Amino acid sequence: MLEHDLYRLFGFRSFKAGQKEIIQTLLDQNDVFAMLPTGRGKSLCYQLPALLTEGLTIVISPLLSLMEDQVQQLKRQGIKQVASLNSFSTWDERRELLDQLHMYKILYTSPEMLQSKELLNRLIPIRIAYLVVDEAHCVSYWGHDFRADYLRIKNVKELLSNPPCLAITATASAFVREDVMTQLALTKPVSFIESVNRSNISLFVEEVSIAKQKVERLCEVLEKAKVPGLIYVQTRAHAESLFLQLRERIPMLKSSYYHGGMPSEERMLIQQQFIEGQLDVVIATSAFGMGLNKSDIRFVVHLHYPLDMASYVQEIGRAGRDNEQSIALVLISPEDYAYAQFFVQRNERSEEEWIAVMNELSKQAVDEQTIVKRLEELQIEQGRTFLYLMELWGIKWNTLREEAKIKNLATKLYRYFKDRQEERLERLKPVVTYINQAESCRRATMLRFFDEEPVLQGQCCDRCGLTLNAFQRDEDAKHDKRFEWQEELNILFGLTEK
DNA sequence: CGACGCCAAGTTACCTTGGCGTCGGTGCCGTAAT
């Protein structure tokens, strides 16, 4: 009886929608592709089978912080045979873990670490219960772009004699789902696809005529909106400058900023402060939010074009996990579209440039590390992808002396990255449709993108007649403690006349 | 594409203006060479 095990191991009396079917299918030794909306208990879908099955379950996670969170959470629940292996681990910890690997039930690791010979050699002799790819959309989104090791998971899976594999995510279009299943080489996967619709999140798009008005309008919204909330911006510099502007203009709003260029301690601190309610607003790039465990987020504002629909749904899905009314607002100005296009089209290198890069590389680079490093210096972020492609195409580095071969490879590289770029451009188009559509319901447009038949929901977006005013704090909220405190301060400093 | 920093020239003493170049998101990994 699965419910019995659920209660015994996790203390829950019943499953949430979708969980039991996924778990049963895995226990029956099938490959599974699962799409469950955020907050529906994705991790339980593999944790329970892992504990009920002999052997070790490997969980591939995209972020170090996610791994650490999961391990700590399981340990708090009394499940101790859990560990993570990543660059946080000290050498001693690694050695000890690898020596004792057969004693563990669940191992969290990164796709990159999974490629290490040291780990692989230890994994091959032991029984692997399941291979799990958490946040599986990353396979398609990052794998082709800058984390090629996501595309190498299938090789490891084969080396481990193809254990049942679970790919699980919250949002993926039909195209991405197919791609993930192909890239992981799932065999006859059983798919469980739940609706991505979150009916308590109301959808809005506003376009102001010039860029400067964006901050103006944002402040209007912020002064009335319920907090906490998230504000997404396109670049790191925007995050920092908007933070300064908001601090100036709405001093009582407790805010901070977050992006990938900050030291990890700082990032962890801000995320923690936000979760604990010490911050009203975080202004962030897309770096913020994956695995964020906070249920009462009231709004998610984008001050730029989201670069694709699935990421947008993923980001706004962080609002309203408590099922209370929440807002998703895209606030843009006309020039933002060109900016989005620029972002999507960046990194375009001609064949000639690739030839130059290859010549440059062949002068000195021999081992993989040097190649990646040298490519980084040349501002090519896809070093690992480069190596992956060489391997895929069966090209040996030291045979690359002849001009013709180099030219041939440059052409292939050019085409590969050009294709990726066109895919990104294709992914931007539905977003443009969503933003510019003249009349029809935004939710319907969004759901159709995921091949869902939209259900009528009454007033659900600005196109259905909803206005932002409906979401203002109560009138007397203006006199809440933060404001009184502000007034007192003003009096103290003589800024307000008594 | 557009924001921003740097630098040289402009007209005037330290401060502005304009041209030019650079850079822009997402994350693993890293135990380094004279």
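These figures come from a predicted structure and were not determined experimentally. Numbered from 1 within each chain, the chains take letters A, B, ... in sequence-line order.
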Participant: Please determine whether a side-chain nitrogen of the Lys or Arg among A:Asp296 and A:Arg321 lies less than 4.0 Å from a carboxylate oxygen of the Asp or Glu.
Facilitator: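 Salt bridge: no.
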Participant: Send over the distance from A:Arg267 CZ to B:dG27 C1', rounded to a whole Å.
Facilitator: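 Rounded to whole Å, this separation is 8 Å.
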Participant: Should B:dC6 form a Watson-Crick or G-U wobble pair with both distances under 3.5 Å, which nucleotide is its partner?
Facilitator: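 Its partner is B:dG19 (Watson-Crick or G-U wobble, both distances under 3.5 Å).
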Participant: Within the 4.0 Å heavy-atom criterion, would you say A:Met290 contacts the bases, only the backbone, or no part of the nucleic acid?
Facilitator: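 Counting heavy atoms under 4.0 Å across all strands, no contact is made by A:Met290.
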Participant: Might you point out which heavy atoms bring A:Ser110 and A:Ile60 nearest each other, and give the distance in Å?
Facilitator: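 In terms of heavy atoms, the two residues are closest at C-CG2, 4.2 Å.
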Participant: Taking all atoms of both residues into account, what is the closest heavy-atom pair of A:Val281 and A:Leu222, and its distance?
Facilitator: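 Closest approach of A:Val281 to A:Leu222, heavy atoms only: CG2-CD2, 4.4 Å.
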Participant: Rounded to whole Å, please give me the gap between CG in A:Leu114 and P in B:dC29.
Facilitator: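 Taking atom P of B:dC29 as the reference, CG of A:Leu114 is at 11 Å.
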Participant: Just call it for A:Tyr141: base, sugar-phosphate, or nothing, with non-hydrogen atoms closer than 4.0 Å on any strand.
Facilitator: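 No contact.
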Participant: Under a 3.5 Å cut-off for both contacts, is B:dC14 paired Watson-Crick or G-U wobble with anything, and if yes, with which nucleotide?
Facilitator: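 Paired with no nucleotide.
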Participant: Using a heavy-atom cut-off of under 4.0 Å over every strand shown, decide if A:Glu335 touches base, sugar-phosphate, or nothing.
Facilitator: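 Sugar-phosphate contact only.
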Participant: Tell me what A:Asp149 touches on the nucleic acid: a base, only sugar-phosphate, or nothing, going by heavy atoms under 4.0 Å.
Facilitator: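 No contact.
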Participant: Grab the CG-C1' distance between A:Asp145 and B:dT26 for me, whole Å please.
Facilitator: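 In whole Å, B:dT26 C1' and A:Asp145 CG are 9 Å from each other.
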Participant: Step through it carefully: locate the ring centre of A:Tyr232, locate the ring centre of A:His304, and say whether they are under 6.0 Å apart.
Facilitator: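 A:Tyr232 vs A:His304: aromatic centres not under 6.0 Å.
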Participant: Could you work out the separation of B:dT26 and B:dA32 based on their P atoms and round it to a whole Å?
Facilitator: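 Result for the P pair: 29 Å, nearest Å.
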Participant: Please work out if A:Leu63 contacts a base, only the sugar-phosphate, or nothing of the nucleic acid, heavy-atom cut-off 4.0 Å.
Facilitator: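 Answer is sugar-phosphate: A:Leu63 comes under 4.0 Å of backbone atoms only.
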Participant: Students often get this wrong, so: under 4.0 angstrom with heavy atoms, is A:Pro62 touching a base, only sugar-phosphate, or nothing?
Facilitator: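 Since only primed, P, OP1 and OP2 atoms lie under 4.0 Å of A:Pro62, the category is sugar-phosphate.
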Participant: Taking only N and O in the side chain of A:Ser110, is any of them less than 4.0 Å away from OP1 or OP2 of B:dG27?
Facilitator: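 Answer no for this pair, as no side-chain N or O of A:Ser110 is under 4.0 Å from OP1 or OP2.
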Participant: Report yes if at least one side-chain N or O of A:Ser87 is closer than 4.0 Å to OP1 or OP2 of B:dC29; otherwise report no.
Facilitator: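 It does, given that an N or O in the side chain of A:Ser87 lies less than 4.0 Å from OP1 or OP2 of B:dC29.
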Participant: How about A:Tyr130 and A:Tyr46: are their ring centres within less than 6.0 Å of each other?
Facilitator: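 Ring centroids of A:Tyr130 and A:Tyr46 are no less than 6.0 Å from each other.
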Participant: Regarding A:Arg236, tell me which of base, sugar-phosphate or nothing describes its non-hydrogen contacts under 4.0 Å with the strands shown.
Facilitator: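 Touches sugar-phosphate only.
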Participant: Out of B:dC1, B:dG24, B:dT26, which has the shortest distance to the side chain of A:Phe146?
Facilitator: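 Looking only at heavy atoms from C-beta outward on A:Phe146, the closest nucleotide is B:dT26.
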Participant: Suppose you measure atom P in B:dT17 against the same atom in B:dT11; what distance do you get, rounded to whole Å?
Facilitator: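 One P to the other, the span is 12 Å.
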Participant: Does B:dG30 have a Watson-Crick or wobble partner in any strand here, with both distances under 3.5 angstrom, and which is it?
Facilitator: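 None - no nucleotide pairs with B:dG30, as no candidate has both distances under 3.5 Å.
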Participant: I need the NE2-P distance between A:His238 and B:dG24, as an integer number of Å.
Facilitator: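 So the two atoms are 13 Å apart, to the nearest Å.
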Participant: Would you kindly compare A:Arg384 and A:Ser241 by the position of their nearest DNA chain B nucleotide and give the one closer to the 5′ end?
Facilitator: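 Upstream on the strand: A:Ser241.
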Participant: What nucleotide, of B:dT26, B:dC29, B:dG24, holds the atom closest to the side chain of A:Met113?
Facilitator: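 Of all the options, the side chain of A:Met113 is nearest to B:dC29.
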Participant: Of the nucleotides B:dC28, B:dT26, B:dG24, which one has an atom closest to the side chain of A:Glu112?
Facilitator: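 Among B:dC28, B:dT26, B:dG24, the one nearest the side chain of A:Glu112 is B:dC28.
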Participant: Using atom C1' in both nucleotides, what's the gap between B:dG10 and B:dC14 to the nearest angstrom?
Facilitator: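 Comparing C1' positions in B:dG10 and B:dC14 gives a spacing of 13 Å.
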Participant: Should the pair A:Trp142 and A:Phe146 be assigned to parallel (<30°), tilted (30 to 60°) or perpendicular (>60°) ring geometry?
Facilitator: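 Geometry flag for A:Phe146 against A:Trp142: tilted rings.
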Participant: Report the distance from atom OH of A:Tyr258 to atom P of B:dT26, rounded to the nearest whole Å.
Facilitator: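 Between P of B:dT26 and OH of A:Tyr258: 9 Å.
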Participant: Check the distance between B:dG25's P and A:Arg147's CZ and give it to me in whole angstrom.
Facilitator: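 These atoms are roughly 18 Å apart.
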Participant: Rounded to whole angstroms, how far apart are CD on A:Glu135 and P on B:dC28?
Facilitator: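 Going from CD in A:Glu135 over to P in B:dC28 covers 12 Å.
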Participant: Over how many whole Å does the gap from A:Gln234 atom CD to B:dC23 atom C1' extend?
Facilitator: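 To the nearest whole Å, that distance equals 13 Å.
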Participant: Does the Lys NZ or Arg CZ of A:Arg384 fall within the cation-pi geometry relative to A:Phe386 - under 6.0 Å from the ring centre and within 45° of the axis?
Facilitator: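 The answer is no, since A:Arg384 fails at least one limit relative to A:Phe386.
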Participant: Roughly how many Å apart are B:dG25 and B:dA3, using the P atom of each and rounding to a whole number?
Facilitator: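 Comparing P positions in B:dA3 and B:dG25 gives a spacing of 15 Å.
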